[in-house]
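The block underneath contains the structure these notes are about, expressed in structure tokens.
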Amino acid sequence: MSYVQLIYNPNSGQKLFSVHIDTFLACFQEKGFEVRVHRTSIEDNLEKILNINKLKDCVALIVAGGDGTVNGVVQVMMEQKIDIPLGVIPVGTANDFAKHLGMSTDIAKAIEMLSKMQISQVDVGKVNNRYFVNVCCGGLFTNISQNIDVELKNTIGKLAYYIKGVQQLPGFKKLRFKIQHDQGEIDDLFYLFLVLNGSSAGGFSKLGQNANISDGLMDFVGIKACPLADMPGLFGKILIGDHLKDKNVISFQSKHISIECLEGVEGFEESDIDGEAGPHFPLVIEVMHKRLNVIK
């Protein structure tokens, strides 16, 4: 019998998904699907749970969690070449990937949307030997999502990222990046960069205004090293999506991007992918066009 595998993170966001499990079961069972449920934990080995040999009759993987939980599932799917449609119930803090898919933030409505099993394809980013669905970033701020207080993040959402970023202003450090892309090469001083698959990251919905999760391109947004007095104003522009024309911002689209940190890498050796620790520099980034089947 065909079944749907539900994977849910009990600690995501406001920790409310558990009260919706019966709604999920009822919705999918009414449509003739068996439902199998897995509750994630710190000790989880997703490779064992998502073993391709055990997913023979699985018709959908549904993840209820934030972007970090989604990233963990996508890593295994890409590595094991699991070609089963992925659905996301947005119960995390930022829920960027779910926003890209147009999922409702109302959990019951999101479950109903997923039960209709409307399938489409989206791009996946690959950086070195890892994968991301939202963003790969480097430089300052890249550890914010990993180190920010969970309760603060769950309470005030993307504002928590803003507050944490402003707190780091006194310790700003210039990093010299050499960036190669399909249209040329850049060698300059930056505070940070983001390589976006969709338009948002960390809950900031307009970081990459021209980005599309299915266009076969990655969107690069780099914040150049500039006077610290300019940074609060630039943060404000980022909040409203008015930053791409700022003199301190470099942006472009490309299928391939390589990034090497030439100076200042000490303490910033590691990139960040979807809010999780990513590969060390240098980075070789490419887009896998419409590689992932998703339910919208």
_Contact check, side chains of Val122 and Leu101, non-hydrogen atoms, under 4.5 Å_ = yes
*Can you tell me how far the CD1 atom of Ile119 sits from the CG atom of Asn293, to the nearest 0.5 Å?*
6.5 Å
_For residues Val221 and Leu217: do they belong to one hydrophobic cluster (side chain heavy atoms under 4.5 Å, members Ile, Leu, Val, Met, Phe, Trp, Tyr)?_
no
*asked:* With a 4.0 Å cut-off on N to O distance, would you call Asp187 and Lys178 a salt bridge?
replied: no
*Test Met113 against Lys296 for side chain to side chain contact (heavy atoms under 4.5 Å, CB included), laying out the working first.*
CA-CA 7 Å; Met113 289 173 66; Lys296 300 177 70 174; over 6 Å; no
*How close do Val249 and His243 get, heavy atom to heavy atom, and via which atoms?*
CG2-O, 3.3 Å
*asked:* To check you understand the geometry: which heavy-atom pair defines the closest contact between Ile285 and Cys136, and what is its length?
replied: CD1-SG, 4.1 Å
*asked:* Please determine whether residues Leu262 and Phe177 belong to a single hydrophobic cluster, defined as Ile, Leu, Val, Met, Phe, Trp and Tyr linked transitively by side-chain heavy-atom distances below 4.5 Å.
replied: no
*asked:* Please tell me whether Leu175 and Leu189 are part of a single hydrophobic cluster in this structure, the criterion being side-chain heavy atoms less than 4.5 Å apart.
replied: no
*asked:* To the closest 0.5 Å, what do you measure between SG (Cys137) and CG (Asp272)?
replied: 4.0 Å
*Does any N or O in the side chain of Asn95 come within less than 3.5 Å of the main-chain N or O of Ala98, such that one atom is a donor and the other an acceptor?*
no
*Step through the shown structure and confirm whether more than 12 heavy atoms of other residues, nucleotides or ligands are within 6.0 Å of NZ on Lys31.*
yes
*Residue pair Glu276 / Asn71, side-chain donor-acceptor N/O under 3.5 Å*: no
*Determine the sole option in Gln121, Lys290, His100 for which the side chain to side chain contact (heavy atoms under 4.5 Å, CB included) test with Ile213 is passed.*
His100
_For Phe281 and Phe193, take the angle between the two ring planes, folded into 0 to 90°, and tell me which bin it lands in: parallel under 30, tilted 30 to 60, perpendicular over 60._
perpendicular
*Short side-chain donor-acceptor distance under 3.5 Å, Asp67 and Asn134*: yes
*Salt bridge check: are Lys224 and Asp188 linked by an N-O gap of less than 4.0 Å?*
yes
*Do the rings of Phe252 and Phe220 sit parallel, tilted or perpendicular, given the 30° and 60° boundaries?*
parallel
*Would a distance-only check, ignoring hydrogens and angles, find a side-chain to backbone donor-acceptor pair under 3.5 Å from Asn51 to Lys48?*
no
*Walk me through it: do Asn45 and Glu47 pass the test side chain to side chain contact (heavy atoms under 4.5 Å, CB included)?*
CA-CA 5 Å; Asn45 184 339; Glu47 291 182 358; 3.3 Å; yes
_Heavy-atom side-chain contact between Phe17 and Ile107 under 4.5 Å_ = yes
*Check whether any side-chain N or O of Asp123 sits under 3.5 Å from a backbone N or O of Val287 as a donor-acceptor pair, and report yes or no.*
no
*Give a yes or no answer on whether the side chain of Ser2 reaches the backbone of Phe33 with a donor-acceptor pair at less than 3.5 Å.*
no
_Do Val4 and Phe24 have side chains that approach each other closer than 4.5 Å (heavy atoms only, starting at C-beta)?_
yes
*Going by heavy atoms in the side chains, are Asn129 and Glu79 under 4.5 Å from each other?*
no
*Within a strict 4.5 Å, meaning less than it, do heavy atoms of the Thr69 and Tyr8 side chains meet?*
no
*Report yes or no: do Asp219 and Asn210 form a side-chain donor-acceptor pair below 3.5 Å?*
no
_Using every non-hydrogen atom in the two residues, find where Gly125 and Met218 come nearest and quote the distance to one decimal._
CA-CE, 3.6 Å
*Verify, without hydrogens or angle tests, whether Ser258 (side chain) and Ile179 (backbone) share a donor-acceptor contact under 3.5 angstrom.*
no
*asked:* Hydrophobic clusters here meaning ILVMFWY residues chained together by side-chain heavy-atom distances under 4.5 Å, can you tell me if Val284 and Ile257 are in one?
replied: no
*Heavy-atom distance under 4.5 Å between the side chains of Val73 and Val70, does that happen here?*
no
*Check for a donor-acceptor pair, side chain of Asn128 on one end and backbone N or O of Pro282 on the other, with a separation under 3.5 Å.*
yes
*Tell me yes or no: between the side chains of Ser200 and Asp96, is some donor less than 3.5 Å from an acceptor?*
yes
_Distance, nearest 0.5 Å, that separates OG of Ser214 from NE2 of His289_ = 7.5 Å
*Do you know which two heavy atoms are closest between Tyr131 and Ile273, and how far apart they sit?*
O-CD1, 3.7 Å
_Met78 side chain near Arg291 side chain, heavy-atom distance below 4.5 Å_ = yes
_Derivation of the side chain to side chain contact (heavy atoms under 4.5 Å, CB included) call for Met231 and Ile223_ = CA-CA 10 Å; Met231 292 302 292; Ile223 309 299; 4.1 Å; yes
*Looking only at non-hydrogen atoms, find the nearest pair between Asn9 and Gly65 and report the distance.*
CB-CA, 4.4 Å
*Which heavy-atom pair separates Ser12 from Gly92 by the least distance, and what is that distance?*
CB-CA, 4.2 Å
_Looking at Cys226, is its backbone amide N or carbonyl O close enough to the side chain of Tyr191 to form a donor-acceptor pair, meaning the two atoms are under 3.5 Å apart?_
yes
_Please report the interatomic distance SG(Cys58) to CG(Leu50), rounded to the nearest 0.5 Å._
8.5 Å
*To the nearest 0.5 Å, how far apart are CG in Leu114 and CD1 in Ile62?*
4.5 Å
*asked:* Determine whether a donor-acceptor pair (N or O, by modelled atom type, separation under 3.5 Å) exists between the side chain of Lys99 and the backbone of Ala94.
replied: yes
*Distance in Å, Met77 CE paired with Asp83 CG, rounded so as to fall on 0.5 Å steps*: 7.5 Å
*Please lay out, stage by stage, how Val135 and Val195 fare under the test side chain to side chain contact (heavy atoms under 4.5 Å, CB included).*
CA-CA 6 Å; Val135 62; Val195 177; 5.8 Å; no
_I'd like to know whether Asp182 forms a salt bridge (charged side-chain N to carboxylate O under 4.0 Å, His left out) with Lys255, so could you lay out the CA-CA distance, the side-chain angles of the two residues, the decisive distance to 0.1 Å, and finally the verdict._
CA-CA 7 Å; Asp182 295 342; Lys255 293 181 180 179; over 6 Å; no
*pair Asp274-Val133: side-chain heavy atoms closer than 4.5 Å*: yes
